Amino acid sequence: MSDFDKREKGIESEHLASRSENFAEWYNQLVLRAELADYAPVRGCMVVRPYGWALWENIRNALDRRFKATGHVNAAFPLLIPKSFMEREKEHVEGFSPELAVVTIGGGEELEEPLVIRPTSETIIGHMYAKWIKSYRDLPVLINQWNNVVRWELRTKLFIRTMEFYWQEGHTAHATEEEAEAETLQMLDIYADFAENEAAIPVVKGRKTEKEKFAGAVRTYTIEGMMGDKRSLQSATSHSLGQNFARAFKIQYLDRNNILQYCWTTSWGLSTRFIGGIIMVHGDEKGLILPPKLAPYQVVIVPIFRDDAEQAKVMKAVEQIKDLLGEFRVHVDDREGIRPGFKFNDWEMRGVPIRIEIGPRDVANGAITLARRDQPGRDGKQSVPQNAVVPVVSKLLEDIHKAIYKKALEFRKANTHQPKDYDDFRQIIKSGWADAWWCGDAECELQIKEETKATCRCIPLDQPGGEGVCIHCGRPAKERAIFARTY
RNA sequence: CGGGGUGUAGCGCAGAUGGAAGCGCACCGCGUUUGGGACGCGGGGGUCGGCGGUUCAAGUCCGCCCACCCCGACCA
């Protein structure tokens with residue numbers, strides 16, 4: 001292996017692969033080295049390690065709070081679903097059949113009816129809703145579940161697309177179409193609010209095309225984010241299911257006039273894929289940059305000392321500072337036998353927003369040295385008096401959130417272009433997003449994909465108005481759409 | 001499923017023509033170090049992917065199988 005290859009792969013080197021030169025390799029190494037996840041023995045499956053799971057727990061809490069505040073409750077539906085359930089909704093079965101894992105043997109006996117491991121739970125929840133819902137007085141039903149699902153993916157990537165992944169799936173049933181649509185859009189807003197205000201990831205809210213929508217949905221809405229390599233990531237989706245599943249599973253209620261009606265249902269989900277988004281939006285050459293509100297550790301303290309006497313003094317100050325910062329998630333790196341310089345690099349790689357260094361010099365000055373992750377190296381360091389540490393940390397976490405959000409938004413703006421013609425479009429799509437008038441025709445979309453590898457990521461809800469001509473076929477177009485290469 | 005590639009220590013790899021299984025990193029111990037990725041000395045660790053064959057002798061040669069990776073196809 002050449003020296004170049006070694007550098008490229010980050011082998012025998014304390015340095016990560018280069019983000020700017022080899023984004024995909026940088027991503028893989030970072031997930032493994034930051035101990036977010038590891039490969040499982042089964043191809044395409046991952047083990048989420050404690051640091052990654054802590055991040056997921058914070059994501060979960062931030063979302064769950066929002067779900068509860070809007071009247072949703074949590075429940076748990078089973079992992080195994082009768083195979084026949086998957087076959088009741090025509091588009092659903094066509095969409096999911098190729099990626100189902102099926103259990104055919106149980107207790108050593110061939111099963112009379114095979115069971116599928118849920119790829120999503122519309123069917124089993126539809127079945128239960130049919131049992132539970134009788135009257136308009138039972139509506140709406142607003143249930144969410146935090147669980148795992150399995151889809152037999154052929155090409156996988158840690159967090160971004162794994163065969164098994166963790167997510168939440170909300171499933172609601174309503175009396176009217178308007179109410180269901182309002183719910184779908186409300187949840188889309190919640191995802192966007194979460195992405196921007198918790199994860200510091202700017203997103204575009206939009207509608208999916210017929211080709212890209214969820215199998216069985218009437219309409220799919222999405223939030224799309226631009227990753228550091230300018231590709232697009234579908235970061236969460238919210239579906240208006242119309243009466244498709246209600247008809248397939250007989251989810252019916254008697255209305256005020258004693259007339260039997262089908263419900264209108266929705267479903268919406270956000271998965272561990274979002275962690276991949278956080279990595280790819282904020283990370284830099286030195287590693288992760290975790291958004292302060294979701295970071296497992298918001299502050300890491302690195303003690304510095306040479307001998308026992310210094311250690312005693314320094315550790316006393318460390319404990320005091322840790323106590324002062326009780327309202328934050330603080331970790332003291334007391335690993336022995338590792339020098340401070342190594343720890344600095346290690347925690348920068350792992351994306352902790354704020355690092356506090358406390359050594360003999362700081363103790364003597366009644367101060368601490370504070371470094372912000374979004375400004376790596378010595379540039380982001382400042383000395384802070386011990387009695388000012390709480391307000392400074394509090395403000396800095398907020399500042400870092402704003403700074404990384406702004407950086408991500410500016411990056412997206414700088415790499416989103418409005419093509420003047422199709423040649424221009426083809427150039428843009430190679431490295432960025434194209435925002436263009438589009439006719440909405442499925443055949444037109446397919447041709448664009450074949451010619452450029454780009455797909456329609458969404459038709460943004462926020463439209464400029466007016467009309468133009470389709471960037472590809474030249475026919476009249478009423479809406480603008482985002483086209484990009486995607487994960 | 002098509003095309004290509006790789007299986008040797010936890011990870012990354014070397015082992016021409018068959019002849020005592022090695023290197024770097026990681027790990028353990030001791031010592032010196034510690035404010036931006038430390039060093040010395042000592043040590044532990046192997047079904048050489050599996051099965052079969054050729055041979056006095058196989059990591060190395062032959063056959064079959066298995067697994068994984070990359071590129072396509074596919075990916076609500």
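Predicted model, so just to flag it, every value in this text is computed and none were measured. Each chain gets a letter, A, B and so on, in the order the sequences are listed, and its residues count up from 1.
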Checklist line | A:Arg33 CZ - B:rG10 P separation (whole Å) | finding: 20 Å
Next item on the list: Look at all strands and tell whether A:Gln234 reaches a base, only sugar-phosphate, or nothing, counting heavy atoms closer than 4.0 Å.
Entry: base
Next item on the list: Rounded off to whole Å, could you give me the CG-to-P distance for the A:Asn28 and B:rC68 pair?
Entry: 17 Å
Checklist line | Interatomic distance, A:Lys157 NZ vs B:rC69 C1' [rounded to whole Å] | finding: 14 Å
Note to self: What's the gap between B:rG4 and B:rG46 when it is taken at their C1' atoms, as a whole Å value?
What the structure shows: 30 Å
Notebook entry, point to check: B:rG22 and B:rG45: how far apart are their P atoms, nearest whole angstrom?
Noted result: 13 Å
Next item on the list: Please test A:Arg118 against A:Thr120 for side-chain hydrogen bond (donor to acceptor under 3.5 Å, both in side chains), starting from the C-alpha separation and ending with a verdict.
Entry: CA-CA 5 Å; A:Arg118 63 186 168 206; A:Thr120 179; over 6 Å; no
Margin query: In whole Å, measure the gap between the P atoms of B:rG10 and B:rC64 for me.
Written below: 30 Å
Margin query: Give me each pair satisfying ring pair (Phe, Tyr, Trp, His ring centres under 6.0 Å) with a member in residues 343-381 of chain A, each pair once, sequence neighbours excluded.
Written below: A:Tyr297-A:Trp347, A:His331-A:Trp347
Check: Which value, in whole Å, describes the distance between the C1' atoms of nucleotides B:rC48 and B:rG40?
Finding: 32 Å
Checklist line | Contacts of type side-chain hydrogen bond (donor to acceptor under 3.5 Å, both in side chains), residue A:Tyr129, not counting sequence neighbours | finding: none
Next item on the list: Under 4.0 Å between any heavy atoms, over every strand shown, what does A:Lys343 touch: base, sugar-phosphate, or nothing? Just pick one.
Entry: nothing
At a cut-off of 3.5 Å, list every protein nitrogen or oxygen paired with a nitrogen or oxygen from nucleotides 71-75 of chain B, distance to 0.1 Å.
{"residue": "B:rC75", "atom": "O2'", "partner": "A:Glu153", "partner atom": "OE1", "Å": "3.4"}
{"residue": "B:rC75", "atom": "O2", "partner": "A:Arg161", "partner atom": "NE", "Å": "3.1"}
{"residue": "B:rC75", "atom": "O2", "partner": "A:Arg161", "partner atom": "NH1", "Å": "3.2"}
{"residue": "B:rC75", "atom": "O2", "partner": "A:Arg161", "partner atom": "NH2", "Å": "3.4"}

Checklist line | Aromatic centroids of A:Trp268 and A:Phe67 separated by under 6.0 Å | finding: yes
Item checked: Rounded P spacing from B:rC51 to B:rG15 in Å -> 25 Å
Note to self: Mind checking if A:Tyr221 touches a base, just sugar-phosphate, or nothing, with heavy atoms under 4.0 Å?
What the structure shows: nothing
Margin query: What I want to check is whether the side chains of A:Ser235 and A:Glu224 have a donor and an acceptor closer together than 3.5 Å.
Written below: no
Notebook entry, point to check: Would the A:Phe249 and A:His127 ring centres measure less than 6.0 Å apart?
Noted result: no
Next item on the list: Using the P atoms only, state how far B:rC68 lies from B:rC30, rounded to an integer number of Å.
Entry: 42 Å
Note to self: Walk along nucleotides 29-36 of chain B from 5' to 3' and tag each nucleotide B, S or - by protein heavy-atom contact under 4.0 Å, base first, then sugar-phosphate.
What the structure shows: ----BBBB
Next item on the list: Can you tell me, in whole Å, how much space there is between the P of B:rG29 and that of B:rC61?
Entry: 41 Å
Next item on the list: For residues A:Phe274 and A:Phe194, establish whether the separation of their ring centroids is below 6.0 Å.
Entry: yes
Next item on the list: Nearest 0.5 Å please: distance from the CD1 atom of A:Ile278 over to the CG atom of A:Leu288.
Entry: 9.5 Å
Checklist line | Rounded interatomic separation in angstrom, taking CD from A:Glu25 and P from B:rC69 | finding: 14 Å
Notebook entry, point to check: Rounded to the nearest Å, what distance is computed from the CD atom of residue A:Gln29 to the P atom of nucleotide B:rC69?
Noted result: 17 Å
Next item on the list: Could you tell me whether B:rA73 is syn or anti, where syn means a glycosidic angle within 90 degrees of zero?
Entry: anti
Check: After noting the C-alpha distance and the side-chain angles of A:Ser240 and A:Thr184, does the key distance pass the side-chain hydrogen bond (donor to acceptor under 3.5 Å, both in side chains) rule?
Finding: CA-CA 6 Å; A:Ser240 248; A:Thr184 310; 3.2 Å; yes
Checklist line | Base-paired stems in RNA chain B, each at least three Watson-Crick or G-U pairs under 3.5 Å | finding: B:1-7 with B:66-72, B:10-13 with B:22-25, B:27-32 with B:38-43, B:49-53 with B:61-65
Check: Between the side chains of A:Ser121 and A:Gln145, does any donor sit under 3.5 Å from an acceptor?
Finding: yes
Notebook entry, point to check: Distance between the C1' atoms of B:rG53 and B:rU60, in whole angstroms?
Noted result: 15 Å
Give every donor-acceptor pair under 3.5 Å between a side-chain atom in residues 303-311 of chain A and any protein atom, sequence neighbours left out.
{"residue": "A:Arg306", "atom": "NH2", "partner": "A:Glu310", "partner atom": "OE2", "Å": "3.2"}
{"residue": "A:Asp307", "atom": "OD1", "partner": "A:Ala309", "partner atom": "N", "Å": "3.2"}
{"residue": "A:Asp307", "atom": "OD1", "partner": "A:Glu310", "partner atom": "N", "Å": "2.9"}
{"residue": "A:Glu310", "atom": "OE1", "partner": "A:Arg306", "partner atom": "N", "Å": "2.7"}

Notebook entry, point to check: Going by atom types alone, do A:Thr266 and A:Thr172 pair a side-chain donor with an acceptor below 3.5 Å?
Noted result: yes
